[in-house]
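Note that ligands are numbered from 1 as they come in the structure, with each ligand's atoms numbered from 1 the same way.
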Amino acid sequence: MSTTLIRGAQVLGGEARDVLIDGGLVAAVGTGLAADGAEVYEAAGQILLPGLVDLHTHLREPGREDSETVLTGTRAAALGGFTAVHAMANTFPVADTAGVVEQVWRLGRESGYCDVQPVGAVTVGLAGKQLAELGAMADSAAGVRVFSDDGKCVDDAVIMRRALEYVKAFDGVIAQHAQEPRLTEGAQMNEGVVSGELGLRGWPAVAEESVIARDVLLAAHVGSRVHVCHLSTAGSVEIVRWAKSKGWDVTAEVTPHHLLLTDELVRTYDPVYKVNPPLRTEADVLALREALADGTIDCVATDHAPHPHEDKDCEWAAAAMGMVGLETALSVVQHTMVDTGLLDWAGVADRMSFRPAAIGRLAGHGRPIAAGEPANLTLVDPAYRGVVNPAGFASRSRNTPYEGRELPGRVTATFLRGTATVRDGKLV
Ligand SMILES: [Zn+2]
């Protein structure tokens with residue numbers, strides 16, 4: 001393995017430092033470090049972050065390789081600055097057994113672009129009726145710690161309680177897709193002024209908030225850990241803030257698109273804006289940004305949801321829900337949080353690496369940039385300005401809501417255990 005010197009990068013946005021990488025580890029952090037034989041990255045003006053960690057990625061393999069594979073998804077992740085992603089369980093077959101999670105975990109290892117940590121299903125077949133083999137998935141080679149029926153809500157309170165109790169044995173966490181099913185039957189977009197004007201079936205905020213309220217109470221009751229997926233409303237923020245004030249073990253994530261986009265975009269009837277949970281209002285967006293800044297929301301998670309062209313290029317009601325997000329996440333966070341003064345780069349490192357790695361109990365990721373630590377690193381040029389062009393995506397799918405939009409920042413290099421997966425903004 002070669003030696004690499006990153007010269008003059010602002011570590012976590014602080015003072016310029018040289019960072020020497022050797023044998024997959026950070027060997028030294030300092031000034032004027034010697035580069036004998038090392039490959040040198042001149043990084044003046046660039047920000048060095050710990051490799052980003054995504055708690056919520058849909059890689060679609062096995063079963064929907066027409067929209068994404070572990071290989072194409074991890075290539076997209078590397079371009080986005082990620083060194084670890086959690087792969088959601090709603091594949092075909094569902095990741096509800098040790099066999100399936102080990103298959104996904106192995107495919108990630110083989111890709112070499114980004115570590116893939118499988119998420120196990122909470123219930124068999126995501127059907128919400130019977131607990132999946134949580135213990136067997138935890139004990140498998142994949143070492144699953146995050147369990148989710150994402151795409152579906154664990155709406156049965158008894159099943160949710162049992163799952164929360166069960167994962168305590170191995171320090172697991174239940175990541176809930178909070179969507180009360182009866183309140184969202186046939187729902188097409190956020191319930192509010194715009195849905196009323198467009199005549200589309202609304203998806204009320206209370207459908208999310210009622211489930212979160214129940215789950216934080218259940219988690220407190222059994223003394224377990226719950227994580228809220230893609231929190232999207234101002235009311236949800238208030239519930240999580242309250243639960244944390246009680247000292248309960250509750251964490252939450254927000255997606256980049258919920259930090260930027262609103263339901264006003266649905267007026268275009270362009271299905272690229274159709275997503276679950278739906279885009280909300282400007283007031284929700286501002287509350288989410290504030291909550292991410294003050295730490296009520298722990299982390300950013302992409303909910304990268306690739307769909308083939310034919311599932312999005314149709315009328316609104318028939319279109320699939322979801323957006324790709326791995327390759328634009330950091331730019332959207334810079335635009336909404338850093339350039340607005342809400343979060344500094346150390347804060348970005350916390351919300352996109354340290355905290356998600358801690359929630360997922362991932363060893364080797366979300367570590368400080370210091371001698372002896374694994375060299376999982378991301379180098380960002382914050383001064384870059386570019387227009388999003390999905391034709392250049394590594395993802396197999398193109399369903400981005402940002403096509404043609406100018407966004408700041410670019411990942412210029414990503415290192416996975418010291419090996420560059422991205423160099424000069426391109427896959428190695
Ligand atoms: Zn979800």
Distance-only check: which donor-acceptor pairs under 3.5 Å involve side-chain atoms of residues 383-390, not counting sequence neighbours?
{"unit_1": "Arg385", "atom_1": "NH1", "unit_2": "Pro382", "atom_2": "O", "d": "3.1"}
{"unit_1": "Arg385", "atom_1": "NH1", "unit_2": "Ala383", "atom_2": "O", "d": "3.4"}
{"unit_1": "Asn389", "atom_1": "OD1", "unit_2": "Ala391", "atom_2": "N", "d": "3.1"}

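- Residues Ala375 and Val26 share a closest heavy-atom pair of CB-N, 3.9 Å.
- Taking a cut-off of 2.8 Å, the protein N, O or S atoms nearer than that to the Zn ion (ligand 1) are Asp150 OD1, His177 ND1, His230 NE2.
- Residue pairs that meet the salt bridge (charged side-chain N to carboxylate O under 4.0 Å, His left out) test with at least one member in residues 263-280, sequence neighbours left out, are Glu197-Arg267, Glu208-Arg280, Glu264-Arg267.
- Residues Glu165 and Arg162 are not paired through a salt bridge, judged by the lack of any N-O separation under 4.0 Å between the basic side chain and the carboxylate.
- The list of salt bridge (charged side-chain N to carboxylate O under 4.0 Å, His left out) pairs with a residue in residues 129-138, not counting sequence neighbours, is empty.
- When every heavy atom of Thr414 is checked against every heavy atom of Phe82, the shortest pair comes out as CG2-O, 3.9 Å.
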